[in-house]
Amino acid sequence: MTASVHIDPATLAGLSEAWGLSPAARFASLGNGLINRTLLVTDDGRRRVLQCLNTHVFRDPALVMRNCHTVTAHLGRERAAGRYTYSVLELVPTLAGKPAAVLADGSWWRMYDHVPDTLTHDIADTPALTFEAGRGFGAFAAALSGLGQDAVGEVIPHFHDPVTRFRAFRDAHAADRVGRAAQAARECAAALSFEAALAHWQTLLTAGLPWRITHNDCKLNNLLFDRLGHAICVVDLDTVMPGTLLFDFGDMGRTMLSPVAEDSTDFTRVGVRHAHFAALARGYIEGCGDLLTSLERDNLVFAARLVTGVISLRFLTDYLDGDRYFRITHPEHNLERARNQFTLYAALTAQQDALQALVGSG
Ligand code: GN1
Ligand code: MG
């Protein structure tokens with residue numbers, strides 16, 4: 001997971017000055033995020049995590065940092081009071097006492113303490129892991145329920161909004177700015193089938209689906225585990241903002257139910273593992289405690305469909321737009337991700353009744 005990286009001299013000088021790093025500081029890349037750049041810094045025997053915020057995605061980085069501070073401070077208090085048992089990310093302010101450093105080139109950097117003896121998983125090997133992840137993310141949501149609705153601002157408006165994402169896909173398809181629509185004809189046809197989910201989404205909004213402070217990026221690899229498979233710490237707090245628990249559970253389902261990663265081209269293996277689903281739902285219900293309403297609980301399967309469909313649309317839209325959003329390693333990467341996620345969406349749709357019967361039975 002870590003490989004030594006070279007930092008350009010101006011950035012190195014800026015970071016060293018901001019946090020007082022020694023000339024012996026060593027940098028390695030960390031994690032598999034598609035948006036921000038993450039580095040592990042080892043200096044003076046201490047390990048820290050440095051992140052360069054992607055300001056093309058996060059247009060208001062000062063708001064992102066304010067939210068991160070609000071959330072970590074709140075979770076720290078919950079933990080001190082014994083109401084939250086997981087570790088909490090600790091922001092390391094600059095020497096000037098700022099939550100982030102803005103370098104001469106305009107880049108935004110922030111630092112966290114490294115959480116020792118932890119690792120991430122890209123695939124959930126066992127139902128026990130999905131149970132742990134569900135409980136960890138559920139406890140995170142429950143702990144944040146004590147924060148006022150407007151304690152955190154909306155960093156990316158309409159981030160998971162399926163109506164907006166569907167419209168963005170249709171616009172990108174119609175514009176076909178880089179001439180890729182023909183190559184993606186099969187995926188575009190699959191994308192149109194997502195419209196069926198929008199009607200149910202509307203009924204949930206009408207029925208008063210609760211709006212809460214949610215994580216909004218509950219991928220399995222945004223949770224740190226210890227070597228025994230216990231969930232230790234929720235990370236990647238940049239998208240914590242108002243949302244619904246369905247967004248969080250949906251992202252968990254999307255990243256834990258299939259036996260292969262979101263960008264695997266082994267499409268025949270993409271599918272839903274029912275024992276993993278049952279354990280995930282049980283863990284999430286337990287972690288959320290009293291928070292979860294029956295409307296939310298009854299829509300956990302729909303949540304997995306919804307978010308898988310939305311991310312499929314986002315990958316496909318980015319492919320049609322010329323790969324301007326997600327980090328890619330090869331030209332067809334976003335198309336492969338879209339095909340993988342639409343395959344999972346179709347499986348979740350076909351199996352929704354069987355999955356629904358498993359909620360509460362894991
Ligand atoms: C991005 O940064 P990362 O890799 O944790 C994205 C998520 C997507 C995910 C797909 C701010 O998350 O919404 O689900 O990629 N984050 C943002 O892997 O767009
Ligand atoms: Mg993330």
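Along the sequence shown, the residues carry numbers beginning at 1. Just so you know, these numbers use all the heavy atoms, side chains as well, and skip hydrogens, waters and symmetry mates. All ligand and atom numbering here is 1-based and tracks the order in the structure.
For ligand 1 and I311, the ligand atoms under 4.0 Å from any heavy atom of the residue are 8 (C), 14 (O). Listed by atom number, the atoms of ligand 1 under 4.0 Å from G33 heavy atoms are 4 (O). Short contacts between ligand 1 and Y325, defined as distances under 4.0 Å to a heavy atom of the residue, involve ligand atoms 11 (C), 17 (C), 19 (O). Contact atoms of ligand 1 toward F58: 11 (C) (distance under 4.0 Å to a heavy atom of the residue).
F140 has its ring centre no less than 6.0 Å from the ring centre of Y86. Proximity of the aromatic rings of H200 and F302 is defined here by a centroid distance below 6.0 angstrom, and this criterion is met.
Partners of H276 under the ring pair (Phe, Tyr, Trp, His ring centres under 6.0 Å) rule, at least two apart in sequence or in another chain, do not exist in this structure.
Ring-plane geometry between Y345 and F342 is classed as perpendicular, the angle between the planes exceeding 60 degrees on a 0 to 90 degree scale with a lower cut at 30.
When heavy-atom distances to ligand 1 are checked against a 4.0 Å cut-off, N221 has no atom that comes that close, whether in backbone or side chain. When heavy-atom distances to ligand 1 are checked against a 4.0 Å cut-off, F315 comes that close only through its side chain, counted from C-beta outward. With a 4.0 Å cut-off on non-hydrogen atoms, Q341 does not touch ligand 1 at all. Only the side chain of D236 comes within 4.0 Å of ligand 1, judged by heavy-atom distances. Contact annotation: for N216 versus ligand 1, there are no heavy atoms closer than 4.0 Å.
At least one N or O atom of D217 sits closer than 3.5 Å to an N or O atom of ligand 1. For ligand 1, the polar-atom distance check finds an N/O of L34 within less than 3.5 Å of one of the ligand's N/O atoms.
When side chains are defined from C-beta on, V270 counts as touching N340, because their heavy atoms get closer than 4.5 Å.
From R180, atom CZ reaches atom CG of L316 across 10.5 Å, with rounding to the nearest 0.5 Å. Atom CD of E336 is separated from atom OG1 of T329 by 8.0 Å, given to the nearest 0.5 angstrom.
Across R337, R327, E262, heavy-atom proximity to atom 10 (C) of ligand 1 is greatest for E262.
Contacts classified as side-chain hydrogen bond (donor to acceptor under 3.5 Å, both in side chains) and involving residues 88-106 (residues at least two apart or in different chains) are given here: D105-S107.
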